There are 2 protein chains.
Amino acid sequence: MISEKTIGRLSLYRRLLDRLLLQGKAHVYSHQLAGMAGGTAAQVRRDIMAVGYSGSPTRGYEIRQLIRCIGNVLDDLHGEGATLVGVGNLGRAIMAYFSGRRPHLAIVAAFDNDPYKADRVIHGCPVYAMSRLADVVAEKNIRVGIITVPGGEAQSVADTLVAAGVSGILNFAPVPLRTPPHVYAEDLDVTMSLEKVAFFARQNVLEKEAVKP
Amino acid sequence: MISEKTIGRLSLYRRLLDRLLLQGKAHVYSHQLAGMAGGTAAQVRRDIMAVGYSGSPTRGYEIRQLIRCIGNVLDDLHGEGATLVGVGNLGRAIMAYFSGRRPHLAIVAAFDNDPYKADRVIHGCPVYAMSRLADVVAEKNIRVGIITVPGGEAQSVADTLVAAGVSGILNFAPVPLRTPPHVYAEDLDVTMSLEKVAFFARQNVLEKEAVKP
DNA sequence: AAACTACTGTGAAAAGGTTCACAGCGTGTG
DNA sequence: CACACGCTGTGAACCTTTTCACAGTAGTTT
């Protein structure tokens, strides 16, 4: 079984590799990839071990093949459709962000409980009324949900998604979700991240000032 | 020194405690907080140890005091101003999100290289042209930067912020930032998170199917 | 006032993740 | 053809984080 952290880094490596391909590169060494990803060479090699690809001691990794191997691990064979719930400021920004970016993992349906937002197409994605969630999720075979509703509604939306058959949720609401064990939920808590950054920004300033005298 | 993970959880605990206060509660046990935060009671107790607050064996933690102790650790005494660079879809959503939410940590200036966006006020926050970044950051004593520009510009924006004196950066661009060691950078990579969720969503489905027969 | 209860605080063990360090190898070179 | 080079793959050491488990304690009951 591959660890959560490794999966995250593989996703990152792949995007970096895509960029290298565009630059016309064909091979890459672990230390180069590490430099771009902000990690160590040993870690890159370990992560790549997990996908079962082997590089050459002299040329490094063959970029095209490595991308394919990472894809074999990360991607569903037939592509994956995701759904987004909560077409507010943040929801629309996320939809714009993913619109046409990753063909194998696209947002294919959005929901909002404001009836004025329903039955439109935003950034290429149809918006439905909440009442149709279970139908649409089942019909389109959606396994991945994105929650961009206010904190107070997040848990009940999550419950609805789980009941509809979703087994992975990315949650932007500032509330940790409670989900059954067979559902993977990741909380992307912007407030927490910003407070962390503010804390360490201050620490760094204090340290610098402490070193001075 | 307090670990990064603990700082993040403290931020979360504080918000949960705020909610409990509003509900009229005065005390809370570690296992209750753990239930809300999605962690274990032992972890909550360890985290609270780090802020140097002690609860009562019979009443648990006094909520009001605990909030104050967490604030002593997380917050700057005089409040902290943050700046956001990149007033696009995502940037505006983030600005709306923080507008008036946390008084001690507010976005007090935004920048964009589109001159049409400059010299306005969005969600209560003034928007400036990029050329004024160094001035404004210095004048307002800003230590925290938020990057919501496209990937290609993120690194150079980060360099600009660092040069202007920022010591903590929250990065939404899908590129890991390279920053000097005295600058704390957190990459909030939505693509990575979504691919992680998609991967584990699929794993869960496969597991369930594997258990069935 | 003694006994009981259910909590906290924390040393110690366990788990998980990262880095070290080196054997092994494929290629270019003398 | 033999050698030297600088990479990969990986066991083992190391470090960080989480969990266990229990002594200590403040209130509550008898």
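Just so you know, these numbers come straight off a predicted model, no measurement behind them.
For B:Y184 and A:Q203, the side-chain atoms include no donor-acceptor pair closer than 3.5 Å. Looking only at atom types and distance, the side chain of A:N204 has no donor-acceptor partner in the side chain of B:H182 under 3.5 Å away. Side-chain contact check for A:D47 and A:Y13: at least one donor-acceptor pair (N or O, by modelled atom type) lies under 3.5 Å.
Atoms CG (B:L66) and C1' (C:dT8) sit 13 Å apart, rounded to a whole Å. Here C:dG16 presents its C1' atom at 14 Å from CE of A:M1, a figure rounded to the nearest Å. Straight-line distance from the CD atom of B:E4 to the P atom of C:dT18: 12 Å, rounded to whole Å. For the pair A:Y61 OH and C:dC25 P, the computed distance is 16 Å after rounding to whole Å.
Within a 6.0 Å sphere centred on CZ of A:R101, heavy atoms belonging to other residues, nucleotides or ligands number more than 12.
Under a 4.0 Å N-O distance rule, the pair A:D189/A:K196 does not qualify as a salt bridge.
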Atom pairs, protein N/O to nucleotides 26-28 of chain D N/O, distance under 3.5 Å:
none

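Looking at residues 21-54 of chain B, you'll see B:T40, B:Q43, B:R45, B:R46 sit with a heavy atom under 4.0 Å from some atom of DNA chain D.
Note that CD of A:Q43 is 7.0 Å distant from OG1 of A:T6, once rounded to the nearest 0.5 Å.
For A:T179 (side chain) and A:A185 (main-chain N/O), no donor-acceptor pair under 3.5 Å exists by modelled atom type.
Within the 4.5 Å cutoff, no side-chain heavy atoms of B:V175 are placed close to those of B:Q155.
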